[in-house]
Amino acid sequence: MLLEKTQIIINDARFFARHGALPQEQLTGGWFVLNVRIDCPFARAIDEDNLEATLSYADVYAVLKREMAVPGKLLEHVAGRIAKALFAEFPLIERVDIELTKETPPMGGDTRGAAVRIVAASDKDGV
């Protein structure tokens, strides 16, 4: 078998957080949804059935939870902070695709949310 890509995926992780540019948003908080796709090589785990040969999605979730607990004004900033934290904590990660949605954005319209998306590759040199 020739593996083209291996990914760890966390779908629709919901967090109550205090992100927002308006003071009221940070005071009252709201619900946010994270979808994260992480490219990381885990071919060895396929053969060995060993957690140490892959990336634990529970450990990834812990990073998401920790970063979502830190208030930010902009979703762009929060998503970027999450990407940086994932790269810093898990050197195995090659690429991340993060979509962060605010479920009830204060924009005077009826939507299912407003989101930002970051797709970033690792720079193994830390630059």
Side-chain angles (χ1 to χ4, degrees):
M1 168 172 67
L2 177 62
L3 290 174
E4 292 186 8
K5 183 186 290 191
T6 52
Q7 294 182 316
I8 301 294
I9 301 169
I10 296 181
N11 291 316
D12 298 330
R14 289 186 82 223
F15 298 93
F16 184 84
R18 299 183 185 281
H19 306 309
L22 303 175
Q24 186 65 23
E25 293 177 283
Q26 292 194 5
L27 179 67
T28 60
W31 287 98
F32 297 80
V33 177
L34 267 171
N35 285 290
V36 180
R37 290 180 177 270
I38 298 171
D39 291 5
C40 63
F42 58 75
R44 215 177 91 227
I46 292 170
D47 294 331
E48 297 176 9
D49 198 20
N50 181 348
L51 181 59
E52 292 187 15
T54 188
L55 184 63
S56 164
Y57 49 80
D59 292 344
V60 170
Y61 182 85
V63 171
L64 303 180
K65 183 177 179 181
R66 181 188 75 218
E67 294 299 325
M68 286 298 292
V70 178
K73 292 179 183 173
L74 301 176
L75 293 182
E76 294 86 343
H77 174 75
V78 177
R81 197 176 63 227
I82 290 169
K84 289 176 185 177
L86 289 170
F87 284 127
E89 293 201 27
F90 307 109
L92 191 63
I93 293 176
E94 297 172 341
R95 182 177 164 275
V96 296
D97 183 338
I98 298 169
E99 183 177 292
L100 175 57
T101 302
K102 179 182 278 193
E103 288 191 340
T104 53
M107 56 188 207
D110 186 17
T111 70
R112 292 179 61 196
V116 298
R117 182 175 176 209
I118 291 178
V119 179
S122 171
D123 64 358
K124 301 286 185 193
D125 299 329
V127 177

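These figures come from a predicted structure and were not determined experimentally. We're numbering straight along the sequence, starting at 1.
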- Item | Nearest heavy-atom neighbours spanning Thr28 and Arg18 | C-NH1, 3.4 Å
- Quick one: pull up CG in Asp110 and OG1 in Thr104 and give me the separation to the nearest 0.5 Å. 11.5 Å
- Can you name the closest pair of heavy atoms from Cys40 and Leu92 and give their distance? CB-O, 3.8 Å
- Side-chain donor/acceptor of His19 to backbone N/O of Gly72, under 3.5 Å: yes
- Item | Asp49 atom CG: more than 12 heavy-atom contacts under 6.0 Å | no
- Query: Between Val33 and Ile118, is there a shared hydrophobic cluster once you connect ILVMFWY residues whose side-chain heavy atoms come closer than 4.5 Å?
  - Reply: no
- How many angstroms lie between CZ in Phe15 and CD in Glu103, if you round to the nearest 0.5 Å? 12.0 Å
- Task: Would you give the length of the straight line joining atom NZ of Lys65 to atom CG of Leu34, rounded to the nearest 0.5 angstrom?
- Result: 13.5 Å
- Task: Identify whether Leu22 and Val116 are in the same connected component of the hydrophobic contact network (ILVMFWY, side-chain heavy atoms under 4.5 Å).
- Result: no
- Query: Taking atom CG of Asp59 and atom CG of Leu51, what is their separation to the nearest 0.5 Å?
  - Reply: 7.5 Å
- Minimum side-chain heavy-atom gap Pro105-Lys102 below 4.5 Å: yes
- Search all heavy atoms of Val63 against all heavy atoms of Ala85 and return the closest pair with its distance. CG1-CB, 3.8 Å
- Query: Which atom names give the shortest non-hydrogen contact between Asn50 and Ala45, and what distance separates them?
  - Reply: O-CB, 3.9 Å
- side chain to side chain contact (heavy atoms under 4.5 Å, CB included) between Arg66 and Glu89, worked out: CA-CA 12 Å; Arg66 181 188 75 218; Glu89 293 201 27; 2.6 Å; yes
- Message: In the structure I gave you, are the side-chain heavy atoms of Val78 and Leu100 within less than 4.5 Å of one another anywhere?
- Response: yes
- In plain terms, say whether Glu99 and Arg117 are close enough for a salt bridge, that is, a side-chain N and a carboxylate O under 4.0 Å apart. no
- Message: Looking at Tyr61, I want to see if its OH is surrounded by more than 12 non-hydrogen atoms of other residues, nucleotides or ligands under 6.0 Å.
- Response: yes
- According to a 4.5 Å side-chain heavy-atom criterion applied to Ile, Leu, Val, Met, Phe, Trp and Tyr, with indirect links allowed, do Val70 and Phe16 form part of one hydrophobic cluster? no
- Derivation and outcome, side chain to side chain contact (heavy atoms under 4.5 Å, CB included), residues Leu86 and Val60: CA-CA 7 Å; Leu86 289 170; Val60 170; 4.0 Å; yes
- Message: Under 4.5 Å between side-chain heavy atoms, counting indirect links through other Ile/Leu/Val/Met/Phe/Trp/Tyr residues: same cluster for Met1 and Phe42 or not?
- Response: yes
- Heavy-atom distance under 4.5 Å between the side chains of Met68 and Phe32, does that happen here? yes
- Item | Flag side-chain contact, heavy atom, 4.5 Å: Asn35 against Ile10 | no
- Do Ile38 and Tyr57 come close enough that some side-chain heavy atom pair is under 4.5 Å? no
- Query: Can you name the closest pair of heavy atoms from Ile82 and Leu64 and give their distance?
  - Reply: CG2-CD2, 3.5 Å
- Query: If every non-hydrogen atom of Pro71 is compared with every non-hydrogen atom of Arg81, which pair is closest and at what distance?
  - Reply: O-NH1, 4.3 Å
- Paired with Arg37, the side chain to side chain contact (heavy atoms under 4.5 Å, CB included) test is passed by just one of Val96, Asp97, Val119, namely Asp97
- Between Lys73 and Glu25, is the closest basic N to carboxylate O distance under 4.0 Å? no
- Item | Test item: Ile93 and Ser122 side chains (from C-beta on) under 4.5 Å apart, heavy atoms | no
- Salt-bridge present (Asp39, Arg95; N to O < 4.0 Å): yes
